[in-house]
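First the structure, in the form of structure tokens, and then the observations on it.
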Amino acid sequence: MHEYTSRVRVWGLSCPGFPEEVSRARRWTRDILRGSPLAEDAELIVSELSANAILHTASGREHGSFHLAVAVSAQVVAVSVTDDGGTGTAPKAKHQDHDAEHGRGLGMVSAIAHRVVIHDSDHGHTVTAELFAGPQRGGHPC
């Protein structure tokens with residue numbers, strides 16, 4: 001195989017930071033992953049991460065946006081959401097009381113995904129959730 005040949009396919013989408021764009025991001029993810037056993041989990045993760053970007057960062061302000069990427073290979077589906085920053089701290093999973101109305105989204109993403117990686121830059125945060133194909137699911141590394 002040639003060294004530049006890859007079997008990974010990557011899609012990207014930029015959305016204005018409006019709440020209704022969360023459903024667009026969800027539909028887009030579902031369309032890309034149609035027929036994949038990981039589609040529902042990926043769709044839920046994209047929904048949570050997109051909503052978090054709009055609610056908690058500059059993505060939800062005037063002229064804000066968030067950016068999605070979906071990478072698919074035979075072994076992994078990786079979904080990433082990049083926000084516009086504007087917060088003093090990076091996203092992190094919090095252990096909330098089960099009755100809490102807010103603050104459980106990233107913890108839920110961590111429970112569904114096999115791995116969650118948070119990358120900070122001067123321009124925002126990228127949260128990537130990886131779902132591994134195969135028998136192990138729900139936060140357990142292969």
Side-chain angles (χ1 to χ4, degrees), residues 1-98 100-134 136-142:
M1 177 178 352
H2 189 275
E3 68 181 292
Y4 297 110
T5 303
S6 173
R7 295 193 182 260
V8 176
R9 299 205 53 198
V10 180
W11 292 263
L13 177 69
S14 293
C15 298
F18 304 126
E20 59 270 18
E21 292 296 313
V22 174
S23 63
R24 177 178 171 216
R26 207 171 37 244
R27 282 191 312 273
W28 180 78
T29 303
R30 182 176 53 241
D31 289 346
I32 289 170
L33 297 175
R34 188 172 314 265
S36 168
L38 301 175
E40 287 184 19
D41 286 346
E43 185 181 345
L44 179 59
I45 289 169
V46 163
S47 183
E48 279 298 323
L49 296 180
S50 298
N52 283 351
I54 292 170
L55 289 171
H56 302 296
T57 74
S59 294
R61 296 183 191 149
E62 187 174 359
H63 305 294
S65 61
F66 62 97
H67 312 279
L68 286 81
V70 175
V72 180
S73 74
Q75 298 82 22
V76 177
V77 169
V79 294
S80 300
V81 175
T82 302
D83 64 43
D84 282 347
T87 62
T89 60
K92 59 182 172 246
K94 298 177 186 174
H95 296 287
Q96 294 286 345
D97 183 305
H98 72 280
E101 292 184 21
H102 300 287
R104 296 186 318 203
L106 197 51
M108 181 186 66
V109 168
S110 295
I112 294 170
H114 290 92
R115 183 167 73 155
V116 176
V117 178
I118 300 170
H119 177 76
D120 300 323
S121 75
D122 293 338
H123 305 289
H125 310 97
T126 300
V127 180
T128 301
E130 297 176 350
L131 299 164
F132 300 147
Q136 291 185 326
R137 310 243 345 241
H140 302 287
C142 286

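Contact between Ala42 and Leu33 at its shortest, heavy atoms only, is CB-CD1, 3.4 Å. Across Gly17 and Phe66, no two heavy atoms sit closer than the pair CA-CD2, 4.3 Å. Taking every heavy atom of both residues into account, Val109 and Ala129 meet most closely at CG1-CB, 4.0 Å.
Interatomic distance, Glu40 CD to Thr29 OG1, rounded to the nearest 0.5 Å: 13.0 Å. For the atom pair CD of Glu20 and CD1 of Ile54, the computed distance is 8.0 Å after rounding to the nearest 0.5 Å. The CG atom of Leu44 sits 4.0 Å away from the CD1 atom of Ile112 when rounded to the nearest 0.5 Å. To the nearest 0.5 angstrom, Asp84 atom CG is 11.0 Å from His125 atom NE2. Atom CZ of Arg115 sits about 12.5 Å away from atom OG of Ser110, to the nearest 0.5 Å. Expressed to the nearest 0.5 Å, how far CG of Leu13 lies from CZ of Arg27 amounts to 10.5 Å.
Side-chain contact between Trp11 and Val72 is present, with heavy atoms from C-beta onward closer than 4.5 Å. The side-chain heavy atoms of Asn52 and Val127, taken from C-beta on, include no pair separated by under 4.5 Å. Counting heavy atoms from C-beta on, the side chains of Val70 and Trp28 come closer than 4.5 Å.
Remark: Pro16 engages Phe18, Glu21, Arg24 in a side-chain contact (heavy atoms from CB on, under 4.5 Å) (not counting sequence neighbours).
At a cut-off of 3.5 Å, with distance as the only test, no side-chain donor of Ser121 or His119 sits close to an acceptor on the other residue.
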When the side chains of residues 75-82 are checked against the rest of the protein, which donor-acceptor pairs come out under 3.5 Å, sequence neighbours left out?
{"from": "Gln75", "atom 1": "OE1", "to": "Ser73", "atom 2": "OG", "distance (Å)": "3.4"}
{"from": "Ser80", "atom 1": "OG", "to": "Thr128", "atom 2": "OG1", "distance (Å)": "2.6"}
{"from": "Thr82", "atom 1": "OG1", "to": "Thr126", "atom 2": "OG1", "distance (Å)": "2.7"}

